[in-house]
Amino acid sequence: MPLSRLNAEQRSAATAPSGYNLIIASAGTGKTSTIVARIAHLLNHGTQPSKILLLTFTNKAAAEMLERVGVFFDKSITSQIESGTFHAVSYRLLKKLGRNIVLKQPKDLKILLKSIHDRRRFDHIDSSVKAYSAAYLYDLFSLYQNSTVTQSFTEWLESNDSEHGLFFDIYEDIFEEFQALKREFGYVDFNDLLILMRDTLKTTDTLSFDEVLIDEYQDTNTLQGSLIDAFHSKSLFCVGDYDQSIYAFNGANIDIIGSFATRYPNANVFTLNKNYRSSHKILSLANRVIEKNPRLYEKRLEVTRDGTFEAPKLLIYDELFSQYQAISTLIKHSMHAPADIAVIFRNNSTADGIEATLREQGIACKRKGGISFFDSAEVKAMLDLVGVVVNPKDMMAFIHSFEYARGVGSSLSKELFDGLFKLGNGNIYQGFFNPRDDVEDIFKKRAKNHQLGLFDDIIDLGSVSRFYNFGFEELFLSNPILKHPKLTTDGAKFLHQFYKFMKHATRIKTPQSLINHVLSSEVFSAIAEVLAIKRTIKKDGTIDEKLKAEARARIFRKGHLLKDLASGYASSERFLNALTLGSNEMSEGEGVNLLSIHASKGLEFKEVYVIDLMDGRFPNRKLMQKGGSLEEERRLFYVATTRAKDMLILSYAKYDKIKKISYTHSPFLVEAGMVH
DNA sequence: GGAACGTCTCTTTTT
DNA sequence: GAGACGTTCC
């Protein structure tokens with residue numbers, strides 16, 4: 001049983017009575033083992049597996065924990081445990097309650113917000129500050145949603161940034177329209193998922209858990225905290241370490257862990273002090289730095305590992321790339337297996353440089369969430385085509401698909417969507433195949449409203465006779481959408497291909513056969529053609545047909561890969577949403593791990609390189625001006641260094657020849673005693 | 001005049 | 001690789 005392997009501290013935490021339990025688990029003190037043992041303890045003492053809820057920071061972490069529980073219990077038991085990220089769990093539970101959800105990536109919703117933002121005018125307001133861009137506003141709103149559950153957006157803005165007071169009415173109006181539009185299209189973003197879950201819990205009592213376990217509790221934000229409370233569980237098992245709280249930018253509130261003992265009645269606080277991960281010298285380096293931060297709970301870390309290990313090293317280089325090259329060479333000659341080695345950095349931009357030099361020297365590496373399979377244009381295009389079928393009012397998926405139509409830009413594709421949307425009473429499929437005939441004003445738009453910065457006008461209709469003699473289907477030719485005056489022949493041809501794709505797609509049940517249908521469709525063939533040309537066109541405009549054919553073949557190969565990935569899913573909707581919830585957790589291939597500090601959370605490696613330790617880049621001074629704190633950056637340094645088990649190598653470069661910037665060492669190196 | 005399309009700069013961290 | 005900006009096209 002997992003309990004027998006625990007030390008006394010861990011065991012008393014894992015066997016704590018039902019109630020509000022907080023476990024302070026410093027880096028490397030075996031918190032995963034403790035959670036695994038806790039679940040085993042609950043199961044042994046009669047808790048129904050379906051009454052256990054395990055919330056983790058990544059779905060992978062949850063899966064690994066359950067796998068470890070699965071060593072001692074049958075899979076039929078562990079599979080009943082509800083587990084995953086806040087978002088994945090919320091999605092699954094909402095689905096169980098019959099909610100229809102179209103989960104969208106923030107990037108997509110930013111574009112949607114931008115289209116609303118673009119129609120607002122700010123220039124009539126006399127202000128010394130410039131209004132926020134749509135993308136920034138989206139992030140700001142997201143931070144607001146994660147940071148408070150009591151204030152309105154304007155109230156929150158007022159307490160954070162009153163300089164923009166003149167724009168608050170417009171911002172508020174933009175989001176009013178944004179939320180209405182999301183409702184109309186059925187879109188839900190990551191935050192909506194949690195808010196929807198929380199509000200649903202208020203009206204239903206069919207979902208209840210005997211114990212909720214929360215990993216990485218220090219990174220819980222106010223919204224997530226309110227969701228935890230909405231479960232009304234009589235027992236909580238929260239595991240975290242305030243020194244590893246690194247998600248303030250996402251509203252993570254260190255007070256949530258700090259005030260645990262006073263917020264919950266009869267709370268118990270356990271502390272795990274024995275470190276099993278790092279060598280003595282690595283640990284004392286990390287501790288020297290983190291001790292500069294205020295202590296929320298007393299901690300006394302004990303080293304348990306015996307043996308002789310190398311002391312942490314600091315390597316200094318003259319130039320950024322010579323640093324990357326030297327580190328790559330060190331890795332090449334390392335005695336450790338590539339999978340046991342990690343290169344960790346503050347900013348993702350570092351990854352490009354180090355990846356290039358590693359490749360140069362023939363060393364395989366993997367990047368979490370990097371430019372992966374799902375980021376490629378062809379995969380996105382396939383998923384967008386699937387998206388329109390799954391949700392025939394998905395404007396974003398429609399617009400993205402039409403990016404590849406010649407003669408159709410962002411504004412025309414939006415108007416085509418609007419037209420079909422109206423013709424089909426809110427359903428593109430109906431708009432294509434069963435359009436209303438009483439619509440005189442399908443292209444008429446919103447009335448003018450200069451007060452809120454809205455401006456729009458009405459356009460005249462074009463003639464359909466433009467499109468005779470192209471072999472279009474009769475029914476298609478009779479569709480009023482072809483009266484759009486801006487529609488060109490190329491545009492109409494693409495629209496026709498899209499129409500034919502849609503015609504046979506809606507009856508297809510499994511995502512696998514739907515992707516098959518995409519691959520054999522004319523639309524996707526046209527999209528693949530555009531992409532293949534774009535990838536093989538030379539500077540003088542000529543195209544090598546052979547190279548183009550190869551590019552096309554690569555695109556379709558990815559299509560078959562996607563088809564295989566979809567095979568495990570019963571519905572296309574679930575497949576799409578699962579990708580949004582967890583696609584960036586899949587990392588391809590084997591090799592040395594390249595990780596941002598945030599992505600390295602919870603992981604450990606024998607040999608760790610923390611690179612680009614220059615003042616300005618780490619701590620990131622730019623961010624600190626925008627509300628980041630030195631304490632948070634210090635916690636990041638602590639997280640990075642405590643990933644190391646046997647070897648820790650720190651490095652920095654004095655000069656960046658591309659950006660022409662000179663650097664000095666990070667102040668954390670001084671605090672660590674590596675620079676005097 | 002407006003939209004489509006091409007070129008240039010900048011890049012925090014995540015579900 | 002995406003967004004801002006400028007150029008070309010209708």
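Letters go in sequence order (proteins before strands), and every chain restarts at 1. The shown structure was predicted, so the numbers you read here are calculated from the model rather than taken from an experiment.
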What does nucleotides 2-11 of chain B look like as a protein-contact string, B for base, S for sugar-phosphate only, - for none, at under 4.0 angstrom between heavy atoms? -SSS-----S

Give one of base, sugar-phosphate or nothing for [X], where a contact means two heavy atoms less than 4.0 Å apart.
X: Lys380(A); value: sugar-phosphate
X: Tyr247(A); value: sugar-phosphate
X: Lys114(A); value: sugar-phosphate

Are Ser596(A) and dT14(B) close enough that a side-chain N or O sits under 4.0 Å from OP1 or OP2? yes

According to a strict under-4.0 Å criterion, is Asn348(A) in side-chain N/O contact with OP1 or OP2 of dT13(B)? yes

Give the nucleotide from the list [options] with an atom nearest to the side chain of [X].
X: Ala599(A); options: dT14(B), dT15(B), dT12(B); value: dT14(B)
X: Thr58(A); options: dT15(B), dA4(C), dT14(B); value: dT15(B)
X: Arg346(A); options: dT15(B), dT12(B), dT14(B); value: dT12(B)

For Lys380(A), all residues meeting salt bridge (charged side-chain N to carboxylate O under 4.0 Å, His left out), sequence neighbours excluded: none

Integer-rounded Å distance: [N] [atom2] and [X] [atom1]:
X: Glu632(A); N: dT13(B); atom1: CD; atom2: P; value: 14 Å
X: Tyr138(A); N: dT12(B); atom1: OH; atom2: P; value: 18 Å
X: Leu103(A); N: dT15(B); atom1: CG; atom2: P; value: 13 Å
X: Leu143(A); N: dT14(B); atom1: CG; atom2: P; value: 16 Å
X: Gln105(A); N: dG1(C); atom1: CD; atom2: P; value: 16 Å
X: Lys110(A); N: dG1(C); atom1: NZ; atom2: C1'; value: 13 Å
X: Phe86(A); N: dT15(B); atom1: CZ; atom2: C1'; value: 11 Å
X: Lys534(A); N: dG1(C); atom1: NZ; atom2: C1'; value: 10 Å

Do Phe141(A) and Tyr138(A) make the cut of ring centroids closer than 6.0 angstrom? no

When rounded to the nearest 0.5 angstrom, what distance separates [atom1] in [X] from [atom2] in [Y]?
X: Tyr187(A); Y: Ile101(A); atom1: OH; atom2: CD1; result: 15.0 Å
X: Phe618(A); Y: Tyr652(A); atom1: CZ; atom2: OH; result: 15.0 Å
X: Ser662(A); Y: Met614(A); atom1: OG; atom2: CE; result: 10.5 Å

Can you find a heavy atom in the side chain of Ser413(A) that is under 4.5 Å from one in the side chain of Glu403(A)? no

Lys182(A) and salt bridge (charged side-chain N to carboxylate O under 4.0 Å, His left out): which single residue from Asp394(A), Asp192(A), Asp108(A) fits? Asp192(A)

